[in-house]
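Computed over heavy atoms, backbone and side chain alike; hydrogens, waters and symmetry mates excluded. Everything numeric here is computed off the predicted structure, so don't read it as measured data. Along the sequence shown, residues are numbered consecutively beginning with 1.
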Amino acid sequence: MDTINALIMGIIQGLSEYLPISSSGHLEICRQILGMDLPGDEALQFSILLHVATVLSTIVVLWKEFMPLCKAFFTFRKGPEFNYVIKILISCIPVAIVGICFKDLVEHFFGNGLFTVGICLCVTAVLLSFTYFYRTDPRTAVCKHNGTISQGRDITYIDAFVIGIAQAIAVLPGLSRSGSTIATGILIGDKRSEMAKFSFFMVIIPILGEALLDAKKIFEAPAADASMEWMPMLAGFLAAFVVGCAACRWMINIVKKGKLVWFAVYCLIVGIICMIFQ
């Protein structure tokens, strides 16, 4: 992988991580277009690196919300912030199970063509369409102010686990993680205004955990066995971080306004194209 290709993929990751169009799926499409023939383990390794960059951009953009959560959790100060962190931890359980028990199976789907990506993008389109046509029960308070939709309940512990299952399934390339988790939360009745932030926060722990494990393997391996050069990795990382900062702010506003249906149309079109040209 050269630096220019890594830079392009970093930009794609920064945009697609927050927009509900599947970052892993678009990275796979990008690899095919650029003719990058990476083995499944290297493709997954680079994907994780780019995800770390966007996780850091999440922390930067949501710093004011992130720091109180950290303080409450590490000081064991009981309250809404502490409970929120517990919900995030609960949401990480399903993806941890997948990572521990099915990592080899997940690696098989990376660097393995576009047909699976196409199918998963179509599934993403269906999920996003449900959130558009879904209507809250008339008895639930719904109000619109300056184009912003406010409805639903606060995220419960059970909701967090269900949303976590959606995140675990969304490890497949083409199935949008943010789209799946946000759509699941909205469909089970959680507030739109809260779902984007919760979705972005809940990926921090599994991504950083996986990155630490990968970093340990890289540093323990002999230099001759290094799978990727540092310069392309750095270029991709920086591009994903910078673009991710802008995309994160944009996506939070989009979810509040409930305008996800256009991403459903986009995912459907791209998914069909992937399956046709596979």
Side-chain angles (χ1 to χ4, degrees), residues 17-18 20 22 51 55 58-59 62 65-66 68-103 106 120 123-143 148-172 175-210 248 251-252 254-256 258 260 264:
E17 170 63 20
Y18 296 103
S22 175
H51 277 80
V55 160
T58 299
I59 295 174
L62 300 177
E65 293 88 348
F66 181 74
L69 296 179
C70 291
K71 290 179 181 178
F73 180 73
F74 289 110
T75 58
F76 297 97
R77 190 176 65 225
K78 299 296 179 65
E81 290 87 1
F82 184 85
N83 294 337
Y84 194 87
V85 177
I86 298 301
K87 293 172 187 177
I88 291 173
L89 293 174
I90 291 173
S91 75
C92 295
I93 295 173
V95 76
I97 294 173
V98 171
I100 293 171
C101 302
F102 304 103
K103 184 175 181 179
V106 171
C120 289
V123 173
T124 297
V126 172
L127 282 172
L128 295 177
S129 297
F130 279 154
T131 66
Y132 177 74
F133 293 108
Y134 174 77
R135 293 291 180 268
T136 306
D137 189 290
R139 292 168 294 180
T140 303
V142 179
C143 63
T148 298
I149 300 175
S150 177
Q151 61 182 33
R153 63 171 181 267
D154 291 330
I155 299 168
T156 66
Y157 295 106
I158 296 177
D159 292 347
F161 187 77
V162 173
I163 297 168
I165 293 174
Q167 175 169 258
I169 297 173
V171 297
L172 297 175
L175 193 56
S176 170
R177 190 206 64 80
S178 61
S180 298
T181 53
I182 291 171
T184 299
I186 292 173
L187 290 173
I188 61 179
D190 294 326
K191 291 179 180 177
R192 289 177 181 268
S193 58
E194 295 297 322
M195 274 314 305
K197 290 181 181 180
F198 187 79
S199 174
F200 297 157
F201 278 136
M202 66 187 287
V203 75
I204 291 176
I205 295 174
I207 289 296
L208 292 184
E210 182 66 25
C248 182
M251 185 59 191
I252 290 173
I254 289 174
V255 174
K256 286 181 179 179
L260 298 178

(request) Please examine the side chains of Ile182 and Met251, heavy atoms only from C-beta on, and report whether any two atoms are closer than 4.5 Å. (result) yes
(request) Under the side-chain hydrogen bond (donor to acceptor under 3.5 Å, both in side chains) rule, collect the residues that match up with Gln167, sequence neighbours excluded. (result) Arg177
(message) Checking Thr184 now: which residues fulfil side-chain hydrogen bond (donor to acceptor under 3.5 Å, both in side chains) with it, not counting sequence neighbours?
(response) none
(message) Phe198: which residues meet the ring-ring contact (aromatic ring centres under 6.0 Å, His included) condition with it, sequence neighbours left out?
(response) Tyr84
(message) Rounded to the nearest 0.5 Å, what separates atom OG in Ser199 from atom CG in Asp190?
(response) 12.0 Å
(request) State, to 0.1 Å, how close Ile204 and Ile59 come at their nearest heavy-atom pair, and which atoms those are. (result) CD1-CG1, 3.9 Å
(request) Kindly indicate whether the side chain of Phe201, heavy atoms from C-beta on, has any atom under 4.5 Å from the side chain of Leu69. (result) yes
(message) Counting only heavy atoms not in Ile158 (residues, nucleotides, ligands), do more than 12 fall under 6.0 Å from its CD1?
(response) no
(message) Please verify the inter-ring angle class for Phe73 with Phe82; under 30° counts as parallel, over 60° as perpendicular, anything in between as tilted.
(response) parallel
(request) Answer yes or no: is there a side-chain heavy-atom contact under 4.5 Å between Ile186 and Phe130? (result) no
(request) Would you check if Ile163 and Met195 make a side-chain contact, meaning some heavy-atom pair closer than 4.5 Å? (result) yes
(request) Only counting residues at least two apart or in another chain, list the ones meeting side chain to side chain contact (heavy atoms under 4.5 Å, CB included) with Ile205. (result) Ile88, Leu89, Cys92
(request) Could you tell me whether the side chain of Phe200 reaches within less than 4.5 Å of the side chain of Ser178, counting heavy atoms only? (result) yes
(request) Provide the closest heavy-atom pair for Ser91 versus Met202 in the form atom of the first, atom of the second, distance. (result) OG-CB, 3.4 Å
(request) Any chance you could lay out the side chain to side chain contact (heavy atoms under 4.5 Å, CB included) test for Glu17 and Thr58, step after step, and finish with the verdict? (result) CA-CA 10 Å; Glu17 170 63 20; Thr58 299; over 6 Å; no
(message) Test of understanding: with side chain to side chain contact (heavy atoms under 4.5 Å, CB included), list the residues that count as partners of Ser22, not counting sequence neighbours.
(response) Ser24, Leu121, Ser176
(request) Could you tell me which residues satisfy ring-ring contact (aromatic ring centres under 6.0 Å, His included) with Phe66, sequence neighbours excluded, listed by chain and number? (result) none
(message) Quick check: closest heavy atoms across Pro94 and Ile165, and the distance to 0.1 Å?
(response) CG-N, 3.6 Å
(request) Report the distance from atom OG1 of Thr156 to atom NZ of Lys87, rounding to the nearest 0.5 Å. (result) 7.0 Å
(message) I need the minimum non-hydrogen distance between Leu127 and Ala183, along with the two atoms involved.
(response) O-CB, 3.9 Å
(request) Compare every heavy atom of Val95 with every heavy atom of Pro206, then report the nearest pair and how far apart it is. (result) CB-CG1, 3.7 Å
(request) Of all the heavy-atom pairs spanning Lys191 and Asp154, show the shortest one and how long it is. (result) NZ-OD1, 3.1 Å
